[in-house]
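Before any comments, here is the structure.
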Amino acid sequence: MGVAGTQALCPSPPAMWELRSASFWRAIFAEFFATLFYVFFGLGSSLRWAPGPLHVLQVAMAFGLALATLVQSVGHISGAHVNPAVTFAFLVGSQMSLLRAFCYMAAQLLGAVAGAAVLYSVTPPAVRGNLALNTLHPAVSVGQATTVEIFLTLQFVLCIFATYDERRNGQLGSVALAVGFSLALGHLFGMYYTGAGMNPARSFAPAILTGNFTNHWVYWVGPIIGGGLGSLLYDFLLFPRLKSISERLSVLKGAKPDDSNGQPEVTGEAVELNTQAL
């Protein structure tokens, strides 16, 4: 039996084309790189260098501007998710493959830990103890905190889905700033309740370095539920995507997009998902 016959009997898994794609690995690195910088600048702005209360506006604007900068910088490469909850939302909406989503989340977690580690290494020991930003207010229960994290991430994902949506006839203003302001809004409200996690990777990194995992599950469960709800609300109710079940399964499996010219992907050029067209 020839090589062609062997390949016919043992076809490659649908998602294997992504592993052979240069643009796929550029996107993975972009998520690692972007999350590293997001955590470095965001958590760095929240360190208490002097006695007194933390300036909420400073932290909110730092996280928002950091994300806006990263959306502008790598949004056309990976979509600038920079957040496992956002990636999960795109997965729920069948807008990316399971393989890509898993790799994105792994890159985000590793990037967050790397960013927190760099911040930890350049910060004086007396200030490092403030690295763990996410703490529940003493009067807030874990149930209330989880609900707050759900709502914070829900509004954030809705903004991302609306601004990234390639079906819009025209974009209103800057996508990067819209996403950044949505994140800042979440911080302005949520800082008092939970420290405004909204991002499991951002919460996971300082927990690893400080060894403080108190109520850590809140910062996973809340954002993941909020992200999933945001995806379902936008993609299935507010502005439904008319895809059949087979089409959605095809995307999740990582089936290669149809090429009308029959030409293989040019690995020297980036190929992005439709939802990543900023």
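As a basis for the values below, the full set of heavy atoms in this structure was taken, side chains included, without hydrogen atoms, waters or symmetry mates.
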Are side-chain heavy atoms of L19 and L99 found at a separation under 4.5 Å? yes
Which value, rounded to the nearest 0.5 Å, describes the distance between E18 atom CD and C103 atom SG? 8.5 Å
Any pair with a residue in residues 152-161 that passes side chain to side chain donor-acceptor pair (under 3.5 Å), sequence neighbours left out, goes on the list, sorted by first then second residue, please. Q155-S182
Residue pair L136, T214: steps toward the side chain to side chain contact (heavy atoms under 4.5 Å, CB included) verdict: CA-CA 9 Å; L136 272 60; T214 304; over 6 Å; no
Flag yes if F24 and F33 sit in one hydrophobic cluster, no otherwise; membership is Ile, Leu, Val, Met, Phe, Trp, Tyr, and two members link when side-chain heavy atoms are under 4.5 Å apart. yes
Qualifying residues under side-chain hydrogen bond (donor to acceptor under 3.5 Å, both in side chains), relative to E149, sequence neighbours excluded: T194
Could you walk me through whether T87 and N83 pass the side chain to side chain contact (heavy atoms under 4.5 Å, CB included) check? CA-CA 6 Å; T87 298; N83 186 336; over 6 Å; no
Could you check whether H81 and F90 have their ring centres less than 6.0 Å apart? yes
Rounded to the nearest 0.5 Å, the CG atom of L110 sits from the CD1 atom of I28 at a distance of 11.0 Å
Under 3.5 Å donor-acceptor, R168 side chain and A162 backbone: yes
Between F40 and L209, is there a shared hydrophobic cluster once you connect ILVMFWY residues whose side-chain heavy atoms come closer than 4.5 Å? yes
OH (Y234) with more than 12 external heavy atoms under 6.0 Å: yes
In short, side chain to side chain donor-acceptor pair (under 3.5 Å) pairs touching residues 114-123 with sequence neighbours left out are none
Could you tell me whether the side chain of W217 and the main chain of G222 form a donor-acceptor pair under 3.5 Å? no
Can you tell if the side chain of V221 reaches within under 4.5 Å of the side chain of I225, non-hydrogen atoms only? yes
More than 12 heavy atoms of other groups within 6.0 Å of F239 CZ: yes
Determine, for E247 against K253, whether the closest basic-nitrogen to carboxylate-oxygen distance falls under 4.0 angstrom. no
Has Y192 got more than 12 heavy atoms of other residues, nucleotides or ligands less than 6.0 Å from its OH? no
So which atom in F236 and which in P240 form the shortest heavy-atom distance, rounded to 0.1 Å? O-CG, 3.8 Å
Enter the distance from L70:CG to Y38:OH here, rounded to the nearest 0.5 Å. 9.5 Å
L43 and V113: same hydrophobic cluster, using ILVMFWY side-chain contacts below 4.5 Å? no
Return yes if some donor-acceptor pair links the side-chain N/O of R248 with the main-chain N/O of V92 below 3.5 Å, else return no. no
How far apart are the closest heavy atoms of H187 and G195, and which atoms are they? CD2-O, 4.5 Å
Shared hydrophobic cluster, M198 / L109 (ILVMFWY, side-chain heavy atoms < 4.5 Å): no
Is there a donor-acceptor pair under 3.5 Å between the side chain of N199 and the backbone N or O of A85? no
Under the 3.5 angstrom rule, does the side chain of T146 hit a backbone N or O of V142 as a donor-acceptor pair? yes
Heavy-atom check, side chain of V218 versus side chain of S203, under 4.5 Å: no
Measuring only between side-chain heavy atoms, which start at C-beta, is V71 closer than 4.5 Å to Y164? yes
Show the nearest heavy-atom pair for residues A27 and S78, with the distance to one decimal. O-CB, 3.5 Å
Could you tell me whether the side chain of L252 reaches within less than 4.5 Å of the side chain of L91, counting heavy atoms only? yes
Here the pair of heavy atoms bringing A34 nearest to V74 is CB-CG2, 3.9 Å
Is it possible for you to say whether F29 and M96 belong to one hydrophobic cluster, with membership spreading through side-chain heavy-atom contacts below 4.5 Å? yes
Could you pull out all residues at least two apart from L188 that satisfy side-chain contact (heavy atoms from CB on, under 4.5 Å)? V56, L57, A60
Taking everything shown except F161 itself, do over 12 heavy atoms lie less than 6.0 Å from its CZ? yes
Hey, are K243 and D235 close enough for a salt bridge, meaning a charged N less than 4.0 Å from a carboxylate O? no
S97 versus R100: any side-chain heavy-atom pair under 4.5 Å? yes
Are side-chain N/O atoms of T35 and Q108 paired as donor and acceptor at under 3.5 Å? no
Should V86 and Y104 be marked as a side chain to side chain contact (heavy atoms under 4.5 Å, CB included) after you check the CA-CA gap, both sets of side-chain angles, and the distance that decides it? CA-CA 10 Å; V86 172; Y104 268 35; over 6 Å; no
Counting only N and O atoms by type, is there a donor-acceptor contact under 3.5 Å from the side chain of S231 to the main-chain atoms of G93? yes
Closest approach of A196 to M191 (non-hydrogen atoms, all atoms of both residues): CB-N, 3.8 Å
Spatial distance of atom CG (L65) from atom CG (L183) [nearest 0.5 Å]: 10.0 Å
Considering all heavy atoms, the nearest T163-A178 contact: CG2-CB, 3.8 Å
Do N212 and T210 pair up side chain to side chain, a donor and an acceptor below 3.5 Å, judged on atom types alone? no
Would you check if the distance from the ring center of F41 to the ring center of F63 is below 6.0 Å? no
Taken to the nearest 0.5 Å, the spacing of F37 CZ from L67 CG works out to 14.5 Å
Under 4.5 Å between any side-chain heavy atoms of Y193 and L152, yes or no? no
List, by chain and then residue number, the residues other than F151 in its hydrophobic cluster (Ile/Leu/Val/Met/Phe/Trp/Tyr, side-chain heavy atoms under 4.5 Å); write none if there are no others. none
What do the steps show when you test V39 against L119 for side chain to side chain contact (heavy atoms under 4.5 Å, CB included), and what is the final call? CA-CA 9 Å; V39 168; L119 178 62; 5.9 Å; no
Find out whether V179 and F156 are in side-chain contact, i.e. whether some heavy atom of one side chain is under 4.5 Å from a heavy atom of the other. yes
Please enumerate all residues that pass side-chain hydrogen bond (donor to acceptor under 3.5 Å, both in side chains) together with H216, with sequence neighbours excluded. W220
Nearest-0.5 Å distance that lies between atom CG in L233 and atom CG in L237: 5.5 Å
